[in-house]
Novice: 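Submitted below is the structure of interest, expressed as structure tokens.
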Amino acid sequence: MSASSTVLPEKATHQQTRTYNQQLLLRALHDDSPLSRADLARLTGLTRTSVSDLVGSLIDDGLIEEVGRGRSSGGKSPILLRVAPEGRLLIGLDLGEAQFSGAVVNLRGEILRSASLPLEGRDGEAAVDLVFQLVDALCADARSPLLGIGIGAPGVIDTRTGTVRWSVNLDWADLRLGPLVESRYHVPVLVANDSHAAALAELTFHRRPRPNNLVVIRVGRGVGAGIIVNGQLFQGDGFGAGEFGHVSLGHGGAPCRCGREGCLETRASMRALVDAARAVDPAITDETGLVAAFHAGVDAVRAIVLAAARELGLAVAWLIGVLNVHNILLVGPVAALGEDWLAEVRRSARSSVLDLLARDTRIEFGHVHDDVVVLGASALLMEQQLGLGLAR
Ligand SMILES: [Zn+2]
């Protein structure tokens, strides 16, 4: 099965209909396993005969498996089915700023193996080579067929063509990363913005029931958001939705990597916090030192961190006012700052937007931290290739 669409065209061919129906079954099993053939017929509206036929070919294809028998409702006890976790494997990559990391992931979003390589200042073609080295290392002992490779990268990414339109720290502009990786490994490759990938990971693997709308804000060295609207990733007209880390707060401020001044990223990112904390205590040189000083209650550091939390809270208030989304999650290295930081973001956001909107909005830490981008890139690939995960 290699369909890339979950919408059935009006005049579908026999093969399109079959693929669509297979995706219906896979999705039902992915969302709620194990199920019997009778359950599947009831849930999808397909006939028992069609279900049996489609299930047979999905089992032959290794995508689903039988897992014992369920409770009988009178007659013979029914055989239960589920998605075969390792019927296909995926490779997910997170092209982070200090290192490129990746993992081999199964169809349940479980990480089977991971690897990472330090970036060490590489950019341009050298950074592309590092992507190849990482995939080579991960592919080395994959036992099941590879469904494809999902890549989460910083910057503005055209997911339709796999083109990195702009990624400042990797010095990539209009780089056709997807096709480059595809031509080397001969499997489907999907490239997405890292914050978008983080949002997909939360939606796909960690939210039950899945919310219709969700904003996941990732705060690390940069600040960016992934926005889910009506169960789908909203990428914007130019794939830049959620790039609010590079919106200038408009009152001067430090120069930003993007070339302007006073962007949210220069005030609220972990990089900005480390820089500001270093100015008051030169012993603080990295995120670990910053987090330790914050938790130790160093007054000057607490003041810096909480002021930054308030700035982020204001930006969150704008998101609430514009989108009225009830679920807002914060993920990334910033989670190490814990509840005090989160409470300040929450306070600032809630006090800056209509109470009617604020009181129904939950602002929380997300569930996945370290592997959020790797899992999200895998989730997007799974959706594209098997119709699993996002659409309901
Ligand atoms: Zn900027």
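Order of appearance sets the numbers: ligands from 1, and atoms from 1 within every ligand. The residues of the chain are indexed from 1 along the displayed sequence. These numbers come from the heavy atoms of this one structure, side chains and all, not from hydrogens, waters or symmetry mates.
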Novice: Using 2.8 Å as the cut-off, note every protein N, O or S atom close to the Zn ion (ligand 1).
Specialist: His246 ND1, Cys256 SG, Cys258 SG, Cys263 SG
Novice: Do Ser52 and Thr49 get their side chains close enough for a donor-acceptor pair, meaning under 3.5 Å?
Specialist: no
Novice: Looking at Glu66 and Arg82, is there a salt bridge between them, counting it only when a charged N and a carboxylate O are closer than 4.0 Å?
Specialist: no
Novice: Inspect the contact between Glu202 and Arg218 and indicate whether a charged nitrogen and a carboxylate oxygen are less than 4.0 angstrom apart.
Specialist: no
Novice: Quick one: do Arg18 and Asp53 make a salt bridge, cutoff under 4.0 Å?
Specialist: yes
Novice: Is Asp158 salt-bridged to Arg176, going by a charged N under 4.0 Å from an acidic O?
Specialist: no
Novice: Please determine whether the number of non-hydrogen atoms from other residues, nucleotides or ligands lying under 6.0 Å from atom CG of Asp299 exceeds 12.
Specialist: no
